[in-house]
Student: 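Questions regarding the structure given below will be posed in turn.
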Amino acid sequence: MIIDALRSDFAFGEYNFFPNVLALMKKGHGIHFRAEMQPPTVTLPRIKALVTGSSPSFADVVLNFAATAMEEDSVIMQLKKEKRPMVFFGDDTWLKLFPGYFERSDGTTSFFVADFTEVDLNVTRHLQKELTNPEWELMILHYLGLDHIGHTTGPNSPLVQPKLKEMDDIILQIYSAMKHWNESSILIVCGDHGMSDQGGHGGGSVAEISVPLIFLSPHYFHKNASQEIELISQIDLCPTLSVLLGVPIPKNNLGKVILEALLGYTECQKVLILINNAKQVIELYKNYWTDYEKDSTYRLFMMAEEKYHSWWDSQNVSDSEYWEENCSSLLPLLSECLTFFSLKIQSHSTQYDDYSIAVSMTLLWMLFLVLAVSMLQKDNLIQKVTFSTLASQIVVILGSVLLSHIIMCTAGGVPSELMCQTTFLSVGVQIIVGLILFLCLLYLLNKVPNCEWSSVVKWIKCRTVIEVFLAAGTCLHIVTYLSSSYIEEEHQTFYFLTIGVHIVLSLQLILSYLHTSSLHNEGNIESNSTLAFNGRHSPKSHDQNSHHLNTRTAQPFHCAHNSTNCCSAKDLFVLLAYVFVILSMLRVLRRWNQTGNKWLDNPDIGDWLVLPENKLYLSLCVAFSLIVIGVTRGHQMKSIQSMFLNLSLTTIYLYHVATGKLFAPKSTFLSVRGIIEARATFFLIGAIFISSLMPSAVYNLETPKKIISTIVQEGTADNLVSGQSDKSLVYKNKFRNTLIQKIFFGPRKHFGSESSLTVHQRLNGIFSSFLSYMCLVGRPHNIPVVAMLSLMEQMIIPVLINVSLKLPYVLLYCHWMGQAFFFFQGNSNSLSTVDLAAGYTGLNEFIPVLTGTHICLSTYSGTILWSLTFFKIFCLTYKERKYSISKAMEISGTLLLLNLSLRTSLYTLLIALQRHHLFIWTVFSPKLLYECVYTFVASLLLLLTMIVSKCMMTEV
């Protein structure tokens with residue numbers, strides 16, 4: 001009987017959720033252990049470990065969502081070979097791994113985590129029939145309800161104790177039935193993995209890797225059943241099951257038979273069992289070491305084997321009692337040998353495809369070089385390549401690539417199962433990889449000579465403080481990937497960077513104001529001069545200054561001086577107040593959800609709010625946060641948008657009430673599990689989104705491109721400045737400050753008439769629709785986090801516009817904030833923090849595409865929202881940047897991709913070199929998975945942003 005996510009302290013320790021089990025063990029009819037396992041702590045690899053005794057690979061984490069038939073030797077396969085009947089009820093992962101193995105079965109989906117009750121009742125309803133007439137030799141029950149409760153409400157939920165009481169009653173039911181059976185039987189109760197303090201699993205915390213293992217039988221009596229709990233390895237259950245069922249131990253088993261569980265066996269029988277177990281493990285050991293005879297562990301086993309043979313040969317000549325006593329001395333020695341062998345094999349059991357790894361890293365670094373070279377290309381340079389030159393380059397590149405590949409795949413190289421076979425998959429991979437590598441080399445060969453290397457030096461020397469901080473912080477973050485501790489505590493890096501960048505922003509605002517005031521006092525505001533950040537200025541003629549402005553905006557990545565910012569003292573005070581409020585909220589958010597590894601167990605605000613006794617405080621906090629979102633967002637939108645937003649926020653609260661997470665005076669009218677409320681919210685979110693894309697052009701049935709053009713034309717503030725003054729530095733600053741005042745300090749009437757929508761209203765509607773989505777699918781205690789994100793986004797936009805932060809650095813800032821909010825929501829680089837419950841919002845069943853989409857959107861919602869913020873800033877300021885926006889967008893995108901590719905390339909190189917490191921599965925591998933998904937999401941968002949901006953620039 002497997003109880004999914006049954007961690008050790010649920011059965012023993014401070015909790016006493018199994019009174020029936022404890023009573024049976026006190027009577028001597030059971031024995032218990034604490035079993036530990038290696039990450040990843042997810043269901044599929046843990047099932048494989050239980051039935052094969054081997055250590056599963058990290059790739060099984062991905063396969064957990066699409067399990068296929070297992071061909072590896074296992075206890076189940078051995079029973080099937082001997083045609084011994086088996087039945088199964090529970091998690092359908094077993095049926096996918098062992099199709100056709102069971103005489104009778106009934107599977108329940110393991111991914112619909114919103115179901116706490118039916119998923120277990122579908123298992124229990126078969127017990128009466130199976131226990132009354134047990135025509136099987138092995139029955140497997142896999143209960144999922146506890147795991148689903150953990151994913152949805154956490155281990156401190158009031159639903160946990162009743163669920164464990166239900167499991168305790170089922171155990172007693174099975175035990176009572178066993179008393180009436182003619183044959184001896186044993187009930188084994190265990191967890192496949194544990195549960196973190198946040199309710200998830202997949203990582204390596206103590207709560208996730210420690211589970212109880214209980215043996216119960218009415219046919220045996222154990223005199224030391226109440227002894228202190230012994231620590232064993234979870235894979236030890238596999239050979240123990242094989243012995244109890246009388247089948248051969250699986251050939252890939254690394255576990256050691258649990259001798260204490262062999263109730264009724266004599267010491268001599270245990271010696272024979274253990275020597276067979278050791279011989280099976282030694283056969284595996286010989287496959288990993290060619291010179292195994294020189295190893296000290298192997299010599300220890302040979303010494304134990306000699307003692308065993310001497311003991312066995314003395315059977316007929318020694319006194320029987322003396323002979324049986326001598327066998328007891330062999331057990332510790334054989335057990336020690338098995339432990340050493342198992343640890344050594346596990347440390348070297350993972351086989352790596354070195355050639356495929358090398359090819360992958362080569363491609364990553366090639367892509368990084370291509371991006372770097374593309375940024376350094378000279379503008380407006382058209383290079384002509386002759387046919388003979390191109391042909392010679394193609395021949396050289398193709399020849400080099402093919403020759404290298406042939407050498408690596410022959411006996412003198414490092415043959416690869418993926419890259420050196422003639423199967424359809426292997427050939428396809430070779431062609432795709434070869435084509436990408438060929439195109440990268442061809443591009444580099446032709447573009448490297450045209451790089452303008454001097455522009456890099458100018459760019460480094462001529463940045464403002466805020467831009468230097470953003471660039472240096474990005475490089476610092478990449479360097480932290482070289483440390484496992486920094487990877488575990490990556491959130492601390494982003495907490496430091498986000499707080500630091502806002503302090504520098506406030507400094508930039510003050511310095512800009514002081515410089516502007518100084519110019520006013522000297523009467524130089526009308527002069528044609530440019531001002532460097534350090535205060536030096538050099539007069540220019542009007543034509544020279546106009547040319548400088550056009551050059552600066554046309555090439556924003558080159559050396560450029562700051563423009564003066566003509567904001568009043570009142571505006572400066574407001575902007576500084578915004579930054580101060582943002583800093584205060586960042587400090588609160590640091591304590592909202594403790595994440596990482598070192599301080600994960602420290603109490604935080606979220607932990608306090610989710611306690612059952614604080615349900616009223618959580619409800620008040622959520623209600624206030626939803627009101628804040630509705631008020632601050634609603635006044636910036638049209639009436640129809642505001643109406644849909646407020647309705648969606650109302651249904652969101654009702655949904656969380658229906659799920660039992662929030663309080664309401666009366667909730668009997670709500671649906672079961674909030675299905676209707678969630679779907680109503682999705683409808684309203686869609687209404688907000690669609691109404692935000694419905695300009696007057698839509699009613700005229702205009703094309704999408706024309707709609708985008710209309711959005712831009714309606715959303716600009718051309719009436720604020722005259723056309724002839726567009727080139728003037730002073731009027732450009734007046735344009736910016738008037739735009740800020742109109743948008744952020746003015747009432748709704750400044751956002752246009754009821755017959756049209758401004759670009760700000762459209763983007764605000766889209767942003768608000770996703771805010772509502774986050775409040776719906778996220779955990780209730782994170783709704784205040786969403787409210788603070790909304791406030792910070794509204795406050796920071798006028799600040800970034802006022803400091804004239806160039807578009808590439810705006811993108812870097814939004815990238816930082818998106819990463820920080822990933823951690824503010826309680827996420828980390830551990831798989832245990834993935835909120836699976838978000839994937840089932842509004843669903844009655846498991847739908848892979850919808851579930852996976854919800855989980856991805858929920859996990860990376862912060863990144864998505866700050867990408868929208870970047871696009872909003874772009875739309876609000878593109879008129880001012882009209883000479884440079886196309887180039888700036890290109891550079892912004894390339895800069896972000898360059899950052900992502902460098903991170904991924906460097907990190908992949910690191911884990912390839914450290915693939916035998918102790919933390920490879922607990923720290924490095926989960927981070928690589930997160931890094932890949934984040935790179936995909938960020939690249940997709942960037943692609944969408946650039947496509948829309950290109951359409952806008954084409955039409956306007």
Side-chain angles (χ1 to χ4, degrees), residues 7 39-42 61 150-156 194-209 477 480-481 483-499 585-611 618 774 777-786 788-789 792 815-838 855-856 858-866 919 922-931 933-934 937:
R7 67 190 212 183
T41 49
V42 293
V61 173
H151 282 298
T152 307
T153 61
N156 296 318
M195 181 192 300
S196 71
D197 292 333
Q198 289 70 42
H201 54 87
S205 66
V206 174
E208 294 170 82
I209 65 172
H477 174 239
T480 61
Y481 276 34
S483 167
S484 62
S485 295
Y486 274 110
I487 293 172
E488 287 182 312
E489 310 299 325
E490 187 181 11
H491 60 287
Q492 298 289 357
T493 302
F494 279 105
Y495 292 171
F496 165 77
L497 292 177
T498 51
I499 290 177
M585 287 191 290
L586 288 174
R587 187 64 189 88
V588 173
L589 288 170
R590 290 188 62 167
R591 290 300 305 274
W592 201 271
N593 288 303
Q594 291 284 5
T595 184
N597 183 43
K598 294 183 179 179
W599 296 279
L600 183 62
D601 296 329
N602 289 1
D604 53 45
I605 299 174
D607 291 338
W608 184 82
L609 287 174
V610 298
L611 292 175
L618 174 62
M774 288 180 64
V777 302
R779 293 175 176 173
H781 75 275
N782 277 336
I783 292 179
V785 177
V786 179
M788 284 186 272
L789 184 153
M792 291 171 67
H815 165 68
W816 283 12
M817 294 299 291
Q819 287 281 80
F821 269 89
F822 171 83
F823 296 110
F824 287 147
Q825 290 176 277
N827 296 309
S828 70
N829 289 327
S830 171
L831 297 177
S832 62
T833 55
V834 176
D835 185 10
L836 294 181
I855 293 174
C856 184
S858 173
T859 303
Y860 293 98
S861 54
T863 300
I864 295 171
L865 283 177
W866 282 102
F919 298 145
T922 56
V923 178
F924 295 112
S925 295
K927 173 58 182 174
L928 180 62
L929 186 61
Y930 273 109
E931 193 70 21
V933 177
Y934 176 77
V937 172

Student: Does the side chain of Trp608 come within less than 4.5 Å of Leu618's, by heavy atoms?
Tutor: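 Sidechains of Trp608 and Leu618: no contact.
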
Student: Phe822 pairs by ring-ring contact (aromatic ring centres under 6.0 Å, His included) with which of Tyr860, Tyr934, Tyr495?
Tutor: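 Going through Tyr860, Tyr934, Tyr495 one by one, the ring-ring contact (aromatic ring centres under 6.0 Å, His included) with Phe822 is satisfied by Tyr860 alone.
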
Student: Side chains of Gln492 and Arg590, heavy atoms from C-beta outward: is any pair under 4.5 Å?
Tutor: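 Yes, side chains in contact.
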
Student: Quick one: does Arg779's side chain have a donor or acceptor within less than 3.5 Å of a partner on Ala838's backbone?
Tutor: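 Looks like no, no N/O pair under 3.5 Å.
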
Student: Given side chains that start at C-beta, do those of Thr498 and Met817 come closer than 4.5 Å, heavy atoms only?
Tutor: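 Contact flag for Thr498/Met817 side chains = yes.
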
Student: Distance check, rounded to the nearest 0.5 Å: Leu609 atom CG versus Ile783 atom CD1?
Tutor: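 So the gap between those two atoms works out to 11.0 Å.
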
Student: Using modelled atom types and a 3.5 Å cut-off, is there a donor and acceptor pairing between side-chain atoms of Thr595 and backbone atoms of Phe823?
Tutor: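 Pair absent, no side-chain N/O of Thr595 close to backbone of Phe823.
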
Student: Can a side-chain donor-acceptor contact be found between Gln819 and Thr863 if the only test is distance below 3.5 angstrom?
Tutor: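 No.
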
Student: Is there a side-chain contact between Phe821 and Trp866 (heavy atoms, below 4.5 Å)?
Tutor: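 Touching, per the 4.5 Å side-chain cut-off.
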
Student: Examine distances only and state if a side-chain atom of Asn829 and a backbone atom of Ile487 form a donor-acceptor pair shorter than 3.5 Å.
Tutor: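 Yes, the answer is positive, given that a donor and an acceptor are paired below the 3.5 Å cut-off.
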
Student: If you take all heavy atoms of Cys856 and Val937, which pair is closest and at what distance?
Tutor: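 Smallest interatomic distance, heavy atoms only, reads SG-CG2, 3.9 Å.
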
Student: Thr493 and Thr480: side-chain donor and acceptor closer than 3.5 Å?
Tutor: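 No, no side-chain donor-acceptor contact under 3.5 Å.
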
Student: Kindly give the heavy-atom pair with the smallest separation between Thr859 and Ile855, and that separation in Å.
Tutor: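 Nearest pair, atom of Thr859 first, then Ile855: OG1-O, 2.7 Å.
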
Student: Taking all non-hydrogen atoms of both residues into account, name the closest pair between Thr41 and Glu208 and its distance.
Tutor: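 Taking Thr41 first and Glu208 second, the nearest heavy atoms are CG2-O, 3.5 Å.
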
Student: Heavy atoms, side chains only, cut-off 4.5 Å: are Arg7 and Pro155 in contact?
Tutor: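 Yes, side chains in contact.
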
Student: Mind listing the closest non-hydrogen atom pair of Trp592 and His781 along with its distance?
Tutor: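 Residues Trp592 and His781, closest heavy atoms: NE1-O, 2.7 Å.
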
Student: Of the non-hydrogen atoms in Asp835 and Val777, which two are nearest, and what is the gap between them?
Tutor: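 Distance-wise, the nearest heavy atoms are OD2-O, 4.1 Å.
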
Student: Hey, does Asn593 have a side-chain heavy atom less than 4.5 Å from the side chain of Asn782?
Tutor: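 Yes - at least one pair of side-chain heavy atoms lies under 4.5 Å apart.
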
Student: Who passes salt bridge (Lys or Arg N to Asp or Glu O under 4.0 Å) against Glu490, sequence neighbours left out?
Tutor: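 So Glu490 forms a salt bridge (Lys or Arg N to Asp or Glu O under 4.0 Å) with Lys927.
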
Student: Does Met774 reach the side chain of Ser858, with side-chain heavy atoms less than 4.5 Å apart?
Tutor: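 They are not in side-chain contact.
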
Student: For a 4.5 angstrom cut-off between non-hydrogen side-chain atoms, does Gln594 reach Asp607?
Tutor: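 Counting from C-beta outward, Gln594 and Asp607 never come under 4.5 Å.
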
Student: Is the gap between the ring centers of Phe824 and His491 under 6.0 Å?
Tutor: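 Distance test on ring centres: not under 6.0 Å, no.
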
Student: Which value, rounded to the nearest 0.5 Å, describes the distance between Leu789 atom CG and Gln825 atom CD?
Tutor: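 The distance works out to 8.0 Å.
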
